[in-house]
Amino acid sequence: MSESVKVAVRCRPMCSREKQQGCRNVVTIDSLSKCCTLENPSANGNLTGGKVYQFDAAFGSDSSTELVYEDVGSVIVEAVLHGYNGTVFAYGQTGCGKSYTMRGFIERTLEHLFEATSTSSTETRYLALLSYLEIYNERLRDLLKEGTGETLLMLKEDTTRGTYVAGGLREVTVKNAAECARLIEQGDKKRAAAATKMNAASSRSHAVLTLALEAIAINDNDKGGSNAIRRGRLHLVDLAGSERQTRTGATGDRLKEAASINLSLSALGNVISALAAGNGRHVPYRDSKLTRLLRDSLGGNARTLMIACISPSDIDAEETLSTLRYAARARCIKNKPIVNEDPKDALLRQYQLELQRLRKLLESNDKINDSKDLELEIDVTEREYNEEVERLRKECENSNLSAKKLREELDILRSRYENDNGKTTLHEGEPVIDELDREREEKRRKKREAAKQEVLRRLEKLTIGGEALDNNELRKRREKRRKRLQALAGVLEASSQDGGVFQVYGQLRSTEDALKRMAKRVRQLEAEAADLQASWDAERRDLLRRELLTSQLCDAMIPHLRPGCPLRDVGSVRASATWSEELNRWRFPDASSYITLPPTFVQLRDGMVNTVTIPGTTSKADLNNNNNSNNNSGNNGKEDFKTTNLMSTNEISTEETNDDKNKKKDTTKKLDIADTYFRRNRIDTLLARVKEAKTFEIGNRLSKSGGSEDTTLPINNNYLQLNALNLQSSAPVISESNVYKPSQHPRPVHGHSTRHAWTIDDNPTNRTYGSFVTNMKKNPPRILEALPSYPQGNGQLVNNPFRFNERIPSRFDQNDDQRHEQQHEQEEEEDEEEEEEEEEGKRREHRLLNLDRNFHSSNTS
Ligand SMILES: Nc1ncnc2c1ncn2[C@@H]1O[C@H](COP(=O)(O)OP(=O)(O)OP(=O)(O)O)[C@@H](O)[C@H]1O
């Protein structure tokens with residue numbers, strides 16, 4: 001039947017160092033409910049919530065080792081007395097009381113064991129063998145070995161013996177607790193220990209003390225040696241503690257030891273996790289010597305007790321949590337302990353067989369040859385045999401005879417005796433001896449029998465059992481313990497026999513377990529939900545702050561915008577902004593100016609003509625502004641108007657037009673404001689369309705395409721680079737100092753350019769069109785040349801009568817209905833353009849020509 005690994009938690013008291021540091025207690029032990037609660041010390045030092053773990057037993061700082069042993073340890077030792085394998089191991093971080101606990105356990109275990117054997121019937125003989133080894137830096141070392149040399153110990157596995165140590169581990173036959181204590185003390189002196197910042201006597205190795213106990217009933221001779229032999233084996237393991245270099249301050253050898261310790265402990269943790277998970281998962285026993293040695297104890301043939309040692313202080317909370325987690329997992333490990341009956345390699349089995357054999361020989365030794373030679377031979381054999389036995393006895397009495405050696409000695413003795421005895425045995429059909437001879441033979445036989453009995457007595461002296469039968473006090477104590485354990489076993493047996501009750505109990509347990517698991521899961525999910533909520537809140541706060549920053553930036557920037565700029569009204573821009581899934585960005589309402597077509601004929605008022613002269617350029621009036629296309633240039637009508645005013649104020653020379661001759665003469669050097677203005681808007685319109693995800697194609701063809709931000713297109717073997725950023729700016733302001741010469745073609749630019757402007761001539765003197773919007777120098781778009789309305793030839797602009805101070809109606813000057821209507825028209829127009837791009841280009845050129853012609857004809861008339 002399988003049973004779980006039993007787990008007890010023990011919390012040590014605060015040490016003086018922790019008290020000095022002002023550490024707080026974060027561990028609460030409830031022995032009744034067997035629960036251990038670890039509080040969670042929050043950053044500000046307050047105790048918040050806590051994790052609760054339930055075990056098979058829980059001991060607080062005021063619990064003595066005696067109590068711990070009686071509650072959970074004695075059951076394991078009692079099981080060993082009955083032939084089970086048992087393991088007790090202490091687990092936990094460095095300095096949390098593992099060695100302290102195990103030392104107390106070893107002491108009480110030895111007392112318990114020898115109390116049991118000494119008060120048992122004399123007819124049951126026990127053979128106790130003690131071995132003590134350590135695993136230091138992944139090497140096995142015999143702590144009971146005499147001398148300085150080191151033997152190479154290896155771990156081997158056997159189907160019948162399980163995992164065992166090969167290579168000559170010393171096993172000492174022990175008879176009492178004092179003898180064991182002496183040997184253990186001897187071994188402890190050899191064990192690696194050193195001071196660290198966290199423990200003045202820190203174990204630097206894992207120590208495994210093994211006590212093998214064989215038991216045999218010797219009263220039943222009739223059965224001819226078939227008495228059952230039971231062999232129990234108890235491992236008492238004091239593990240080295242897990243440690244952090246930063247806290248222990250380990251360097252050099254200590255650091256190397258710590259690495260090895262942590263490695264093997266993590267292997268142990270992995271084994272525990274794999275066993276706890278079950279589902280036939282691979283268990284990595286072979287990852288370390290420790291896990292190989294404990295293979296039977298974890299998931300195998302053993303009754304196992306794990307004592308999770310923890311520290312109460314808040315500075316160790318993290319390690320304590322880890323220990324508790326592993327301990328909780330270990331509870332899920334299932335072992336399959338069985339009584340080890342008649343093990344083939346039991347030493348007592350050999351003794352027993354030997355005794356039976358000798359008895360048989362004595363009994364069958366009735367017919368003996370009476371010849372003198374035979375007598376002599378028998379005497380010699382007997383003497384030799386006695387000498388051997390005497391030597392053997394001495395060695396055994398010294399208690400230092402290893403089991404292996406003893407076995408070998410016995411084999412030799414037995415075979416030699418058999419040979420000698422065979423020679424002296426009389427066979428049937430031999431001459432019958434007379435009466436005298438028979439008497440003599442009887443005497444010899446008695447003598448031999450006495451000698452054999454002596455051998456048996458001496459052999460029996462190696463074993464123990466019944467020595468303290470007359471010690472009433474010891475017997476009472478033993479009886480008390482036995483009864484308590486019997487009662488406990490009885491209760492368990494009764495509950496298991498009562499199938500119905502057991503079944504109901506089992507169902508209740510499984511339901512309770514399921515509920516506990518669900519409650520735990522709920523707590524986990526709640527914690528996760530709280531975490532998520534907190535992170536969302538933080539994110540939301542961050543977003544709100546960013547929004548606030550944006551608003552603040554807007555507020556700060558608005559005063560710097562020109563009066564009339566539609567972007568000043570952030571509220572309405574926000575309200576009318578729409579989200580574009582395609583572009584993955586917000587679309588703002590059209591912020592460009594909306595200017596109606598100028599009259600084909602402008603009546604001059606008071607004969608005033610406002611003109612601007614642009615040296616080196618000529619232009620025809622461009623009245624092609626009736627196409628209210630979507631223009632995201634960022635300039636609006638008002639702004640353009642203002643710009644125009646500005647230009648006229650600063651750069652445009654106004655003249656009285658009284659003198660018609662002068663007027664005519666100057667017409668070639670003057671730029672009509674409306675012409676310039678409209679031309680620019682015309683250009684802006686075209687460029688804005690390009691920006692609306694359209695690219696120019698060769699031959700001034702507009703086509704819809706994804707395009708790249710910078711598009712270079714060849715026009716008349718030159719290249720025009722369009723940049724989305726540039727397209728947002730308005731047409732350049734023309735000044736006298738910065739003159740654009742269409743004949744000067746800019747240097748071709750291939751591929752992407754880092755320039756944020758129109759491609760310009762490298763010659764600084766030719767860098768024209770300094771924009772008032774940006775400091776970036778911008779050359780005029782080459783597309784101007786492609787337009788029929790753009791001045792060709794010597795660049796002289798034609799006078800365009802236009803009232804300078806006449807306000808140009810802007811899109812924003814219109815009422816909402818008008819605006820909406822125009823917007824609607826604009827959209828429709830755009831749709832049409834998409835369908836007939838080529839057609840539209842031609843149509844527009846044609847219209848431009850017409851308008852131009854009309855304008856000129858009206859102007860000249
Ligand atoms: N239950 C306890 N009651 C009183 N003192 C204790 C208790 N447990 C441990 N101590 C003390 O704490 C100190 C450290 O204990 P111990 O050496 O057993 O730790 P450890 O876990 O074996 O450490 P390491 O892994 O480094 O060997 C010792 O001085 C020990 O006396």
Side-chain angles (χ1 to χ4, degrees), residues 8-21 23 25 27-29 31 36 55 57-73 88-108 134-137 143 184 187-209 236-251 253-266 268-269 290 306-313 315-316 318-320 322-324 326-327:
V9 63
R10 187 183 194 190
C11 181
R12 68 160 167 76
M14 281 251 191
C15 67
S16 52
R17 175 176 52 87
E18 288 164 340
K19 282 178 191 161
Q20 273 171 12
Q21 287 176 7
C23 298
N25 191 340
V27 175
T28 316
I29 298 286
S31 300
C36 171
F55 298 102
F59 303 96
S61 53
D62 53 347
S63 302
S64 66
T65 307
E66 175 81 37
L67 180 76
V68 179
Y69 179 79
E70 287 303 328
D71 265 19
V72 290
V88 180
F89 71 98
Y91 180 91
Q93 106 185 85
T94 183
C96 59
K98 297 182 297 296
S99 303
Y100 181 89
T101 302
M102 288 316 295
R103 271 198 291 272
F105 253 66
I106 289 170
E107 203 181 302
R108 277 154 193 87
E134 72 171 351
I135 305 172
Y136 177 74
N137 285 346
L143 292 174
I184 291 166
D188 279 342
K189 281 181 189 161
K190 289 188 177 180
R191 192 182 168 192
T196 67
K197 275 189 196 171
M198 291 187 75
N199 189 359
S202 176
S203 313
R204 313 310 295 164
S205 65
H206 309 300
V208 184
L209 181 80
L236 298 167
V237 188
D238 176 16
L239 296 177
S242 56
E243 57 186 57
R244 288 187 188 171
Q245 195 268 335
T246 44
R247 296 192 63 196
T248 56
T251 51
D253 280 353
R254 297 293 85 79
L255 190 62
K256 205 172 143 195
E257 289 160 0
S260 169
I261 291 166
N262 288 340
L263 214 64
S264 56
L265 286 176
S266 85
L268 178 64
L290 177 69
M306 172 181 180
I307 303 172
C309 296
I310 55 171
S311 147
S313 73
I315 51 167
D316 294 327
E318 209 176 306
E319 283 90 349
T320 301
S322 163
T323 303
L324 291 175
Y326 274 113

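Each ligand, and each atom within it, is numbered from 1 in the order the structure gives.
- One finds the OG atom of Ser322 at 10.0 Å from the CG atom of Leu265 (value rounded to the nearest 0.5 Å).
- Among residues two or more places apart in sequence or in another chain, the side chain to side chain contact (heavy atoms under 4.5 Å, CB included) test is passed with Glu318 by Arg244.
- Residues lining ligand 1 at a heavy-atom distance below 4.0 Å are given as Arg10, Arg12, Pro13, Gln93, Thr94, Gly95, Cys96, Gly97, Lys98, Ser99, Tyr100, Asn199, Ser202, Ser203, Ala240, Gly241, ordered by chain and residue number.
- Atom CD of residue Glu18 and atom CD1 of residue Ile315 lie 5.5 Å apart, to the nearest 0.5 angstrom.
- Defined by atom type and a distance below 3.5 Å, a donor-acceptor pair is present between the side-chain atoms of Thr65 and Arg10.
- Residues that satisfy the ring pair (Phe, Tyr, Trp, His ring centres under 6.0 Å) test with Phe105, not counting sequence neighbours, are Tyr69.
- Every residue two or more places apart in sequence or in another chain that forms a side chain to side chain contact (heavy atoms under 4.5 Å, CB included) with Ser63 is listed here: Phe59, Leu67.
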